[in-house]
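Scroll down for the structure; my scribbles are underneath it.
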Amino acid sequence: MWFPFSQGFAIGLGMIIPIGAQNAFVLNHALKRQYPYLVALVCSLCDVVLITVGVTGVGSLLSQHTALMLLAKYVGAAFLICYACFAWLKAWRNQYAMTVLGEKNASRSAVKVILATLIITLVNPQVYLDTLVFLGSLGAQYPSEARAAFTGGAVFASFVWFFGLTIGASFLAAKLNHPRYQRGIDVVTGCIMCWFAGYLVL
């Protein structure tokens, strides 16, 4: 069982590591102390569901519905552009304040953060291609016991990456606890979101 687990872990990590809209979102909330571990947990749990569903064979069915994938592409791009505009608007208004170390930034409620995390994760068609289609089709080639090990490895990679990213960014938060840096984070986040919106469309 070690080989399918390690293969699932390595491939899953390779799918997640490239910086994308979801990773930028996780970094942004970790640096601003906006429920960072909750964001990491929601992202990881989404991967658990999508990878598991993909390995069971649903991913191959989804890949055949091109109209649905096309709709998800444009809806996802529109959402990323709106997110970028809100980030730039906040940077333009420049209404930031120092955060007391150890205190959670409560400018957004936990429910709003969860909803935003779900949207940023689930409107991106690349997430479905990576988890449902690619990882799903690879895992489906194994027999049942090895398939579970492959799925476990891919899921473990998701938890390792998102929580590792959050922990690393949390250490930087103390050094970046200044309105100037927070404004720069919003500007960069908006640029990344816009870039990936164009990437989705093209």
Is any side-chain heavy atom of L118 less than 4.5 Å from a side-chain heavy atom of C46?
yes

So if you build clusters from Ile, Leu, Val, Met, Phe, Trp, Tyr with side-chain heavy-atom gaps below 4.5 Å, do F159 and I167 land together?
yes

Minimum heavy-atom separation for V113 and Q34, please, with both atom names.
CG1-O, 4.2 Å

Transitively linked via ILVMFWY side-chain contacts under 4.5 Å: V111 with L45?
no

Which of these passes side chain to side chain contact (heavy atoms under 4.5 Å, CB included) with C43: V26, V48, N23?
V26

Evaluate the side-chain proximity of V155 to D47: yes if any heavy-atom separation is below 4.5 Å, no if none is.
no

Drop me the distance from T166's OG1 to Y35's OH, to the nearest 0.5 angstrom.
15.5 Å

Non-hydrogen side-chain atoms of W88 and C191 separated by less than 4.5 Å
yes

In terms of heavy-atom contacts, C194 and A84 come closest through SG-CB, 3.7 Å

Specify whether H29 and F25 have parallel, tilted or perpendicular ring planes, treating 30° as the upper limit for parallel and 60° as the lower limit for perpendicular.
tilted

Distance, nearest 0.5 Å, that separates CD of Q22 from CG of L165
10.0 Å

Do L122 and L115 share a hydrophobic cluster (ILVMFWY, side-chain heavy atoms under 4.5 Å, transitive)?
no

First locate atom CH2 of W161, then atom CZ of F9, and finally report the distance between them rounded to the nearest 0.5 Å.
11.0 Å

Here the pair of heavy atoms bringing A30 nearest to A169 is CB-CB, 3.5 Å

May I ask you to check whether over 12 heavy atoms, not counting those of Y37, lie within 6.0 Å of atom OH?
yes

Has F156 got more than 12 heavy atoms of other residues, nucleotides or ligands less than 6.0 Å from its CZ?
no

Would you indicate whether the side-chain heavy atoms of F162 and L41 approach each other to under 4.5 Å?
no

What I'd like to find out is whether the side chain of V55 reaches to under 4.5 Å of the side chain of L135, using heavy atoms alone.
no

Side-chain donor or acceptor of S6 paired with backbone N/O of F3 under 3.5 Å:
yes

